[in-house]
Asks: 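Have a look at the structure that comes next, please.
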Amino acid sequence: MKTFKHTGLLVLLALMPAWALACEDAVVLVHGNAGYPSDWDNTVSELYARGYSSSDLYLPNWGYKSCPACNNHSGWEEDPVRDAIEDAIAGSCTGNIDVIGHSMGVTLAAKQIIDLGVQADVDAFVGVAGAYRGLWSCGAYPYNVNNSTCGYYGLSVSSPFLDWLYGQTLASRVYSIKSYQDQVVCSTGTCTVGGVHSSRIAGEDATYTYTYGHFGLQAYTYGLQADLID
């Protein structure tokens with residue numbers, strides 16, 4: 001939703017030609033564990049086709065690439081995502097941003113929004129193939145797999161981090177995109193935690209189900225992703 005946050009702009013807007021009023025929320029795209037910004041190429045192309053420019057898009061590059069199990073939600077992994085969110089808010093012509101995350105990028109982005117206290121600046125939050133309720137492949141905390149990704153600040157079911165995250169406000173509108181064929185979220189044969197798909201976000205406005213795998217959800221739902229932040 002493209003609304004201008006600062007009423008002081010209204011007089012200037014009234015004097016501007018129609019072509020100059022085209023203005024989009026800045027968009028932050030957060031890749032998954034051991035991923036790369038280029039994983040969003042389809043989404044970026046779709047946003048360009050819809051009138052976004054490169055200056056509207058922020059793609060932080062975070063985490064160890066060669067050691068996915070070393071990454072969690074506390075420490076230097078946070079810095080690029082936090083910086084991107086702050087830069088996007090500062091550079092957004094609407095004063096608002098949209099955030100789309102994939103896999104661990106969903107929970108990592110959510111933490112930065114909460115830590116920064118910028119929920120009111122986030123119009124739409126879209127979680128793609130996230131593990132918001134945890135991964136059974138990580139075990140259940142404290143009987144979790146002994147690595148950073150599954151630890152205290154990781155994605156074991158009922159980890160202190162996920163328990164803290166659960167139910168917190170993220171944005172004006174929140175959506176999830178999920179699959180029951182997700183090779184990561186459903187790797188143990190079950191996709192649910194407490195009877196709810198782990199990719200679903202507490203308090204979300206809507207959820208969408210596809211038959212793609214974990215990475216296909218990111219690569220092939222670009223049209224829906226763009227629709228949801230429109």
Side-chain angles (χ1 to χ4, degrees), residues 1 25 27-33 35 40 43 60 62 72-74 78 81-82 84-85 88 96-138 140-141 149 153-182 184-187 190-210 212-218 221-222 224-230:
M1 184 180 299
D25 291 348
V27 182
V28 181
L29 299 160
V30 185
H31 65 71
N33 194 3
W40 294 109
T43 303
W62 67 271
N72 64 21
H73 302 83
S74 178
E78 301 178 90
V81 181
R82 182 184 296 115
I85 291 172
N96 297 315
I97 67 170
D98 302 311
V99 178
I100 308 176
H102 174 250
S103 192
M104 189 171 161
V106 178
T107 41
L108 187 60
K111 184 175 188 293
Q112 308 322 302
I113 291 169
I114 296 164
D115 285 351
L116 288 168
V118 295
Q119 295 94 324
D121 299 310
V122 185
D123 180 24
F125 183 95
V126 182
V128 182
Y132 221 81
R133 298 162 190 265
L135 295 173
W136 285 117
S137 58
C138 276
Y141 195 87
T149 301
Y153 289 105
L155 295 173
S156 56
V157 175
S158 292
S159 71
F161 164 68
L162 289 181
D163 284 352
W164 167 84
L165 182 63
Y166 186 85
Q168 297 225 39
T169 299
L170 301 177
S172 297
R173 299 176 289 126
V174 177
Y175 308 100
S176 64
I177 302 175
K178 66 185 186 300
S179 172
Y180 286 88
Q181 284 75 50
D182 189 316
V184 175
V185 176
C186 311
S187 66
T190 180
C191 310
T192 62
V193 176
V196 180
H197 195 292
S198 190
S199 294
R200 297 194 64 176
I201 301 171
E204 65 191 8
D205 293 271
T207 186
Y208 301 86
T209 305
Y210 287 80
Y212 301 126
H214 188 70
F215 300 99
L217 283 175
Q218 180 182 27
T221 66
Y222 53 87
L224 176 62
Q225 295 168 33
D227 288 343
L228 292 175
I229 65 172
D230 195 11

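Treat the numbers as computed from the prediction; the structure is a model and nothing was measured. Heads up: numbering here begins at 1 and tracks the sequence. Excluded from the calculations below are hydrogen atoms, water molecules and symmetry mates; all remaining heavy atoms, backbone and side chain alike, are included.
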Asks: Would you say F215 and H102 make side-chain contact, with heavy atoms under 4.5 Å?
Replies: yes

Asks: Can you name the nearest heavy-atom pair linking S179 to C191, along with the distance?
Replies: O-SG, 4.3 Å

Asks: Would you name the heavy atoms of A110 and L170 that are closest together and state the gap between them?
Replies: CB-CD2, 3.7 Å

Asks: Working note: I201 + F125, criterion side-chain contact (heavy atoms from CB on, under 4.5 Å); need CA distance, chi angles, decisive distance, verdict.
Replies: CA-CA 10 Å; I201 301 171; F125 183 95; 3.8 Å; yes

Asks: Nearest 0.5 Å please: distance from the OH atom of Y210 over to the CG atom of D182.
Replies: 14.5 Å

Asks: Side chain of S198, backbone of T192: donor and acceptor closer than 3.5 Å?
Replies: no

Asks: Relative to the ring of H31, is the ring of W62 parallel (under 30°), tilted (30 to 60°) or perpendicular (over 60°)?
Replies: parallel

Asks: Looking only at non-hydrogen atoms, find the nearest pair between L217 and Y212 and report the distance.
Replies: N-CB, 3.7 Å

Asks: Is there a donor-acceptor pair under 3.5 Å between the side chain of T209 and the backbone N or O of K178?
Replies: no

Asks: Could I get the full list of salt bridge (Lys or Arg N to Asp or Glu O under 4.0 Å) partners for R200, not counting sequence neighbours?
Replies: E204

Asks: Would you name the heavy atoms of V30 and W40 that are closest together and state the gap between them?
Replies: O-CZ2, 3.2 Å

Asks: Quick one: CG on D25 to CD1 on I229, what's the gap to the nearest 0.5 Å?
Replies: 7.5 Å

Asks: Answer whether the closest heavy-atom distance between the side chains of Y132 and V193 falls below 4.5 Å.
Replies: no

Asks: If you round to the nearest 0.5 Å, how far is OH of Y222 from CD1 of I100?
Replies: 14.0 Å

Asks: Within the structure provided, determine whether N72 and T149 are in side-chain contact (heavy-atom separation under 4.5 Å).
Replies: no

Asks: Would a 4.5 Å heavy-atom cut-off, applied to side chains only, mark L108 and N33 as touching?
Replies: no

Asks: Answer whether the closest heavy-atom distance between the side chains of L162 and Y141 falls below 4.5 Å.
Replies: no

Asks: Using the side-chain contact (heavy atoms from CB on, under 4.5 Å) definition, which of the options D227, V128, L228, V126 pairs with Y208?
Replies: L228

Asks: Within this structure, what is the OG1-CD1 distance for the pair T169 and I113, rounded to the nearest 0.5 Å?
Replies: 11.0 Å

Asks: Which one of D230, D123, D205 satisfies the salt bridge (charged side-chain N to carboxylate O under 4.0 Å, His left out) criterion with R173?
Replies: D123

Asks: For a quick test of reading the model, state the closest non-hydrogen atom pair linking A171 to A124 and the distance between them.
Replies: CB-C, 4.2 Å

Asks: Can you tell me how far apart OG (S103) and CG (L135) are? Round to the nearest 0.5 Å.
Replies: 7.5 Å

Asks: Answer yes or no: is there a side-chain heavy-atom contact under 4.5 Å between T107 and H73?
Replies: yes

Asks: Could you report the tightest heavy-atom contact between C138 and S156, atom names first, then the distance?
Replies: CB-CA, 3.6 Å

Asks: Is there a donor-acceptor contact under 3.5 Å from the side chain of Q225 to the main chain of Q218?
Replies: yes

Asks: Verify the neighbour count for atom CZ of F161: are there more than 12 heavy atoms of other residues, nucleotides or ligands below 6.0 Å?
Replies: yes

Asks: Supply the atom-to-atom distance I114 CD1 to K111 NZ, rounded to the nearest 0.5 angstrom.
Replies: 8.5 Å

Asks: Are the side chain of D98 and the backbone N or O of V27 linked by a donor-acceptor pair below 3.5 Å?
Replies: no

Asks: Would you check if R133 and V157 make a side-chain contact, meaning some heavy-atom pair closer than 4.5 Å?
Replies: no

Asks: Would you call H197 and C186 a side-chain contact if the rule is heavy atoms closer than 4.5 Å?
Replies: yes

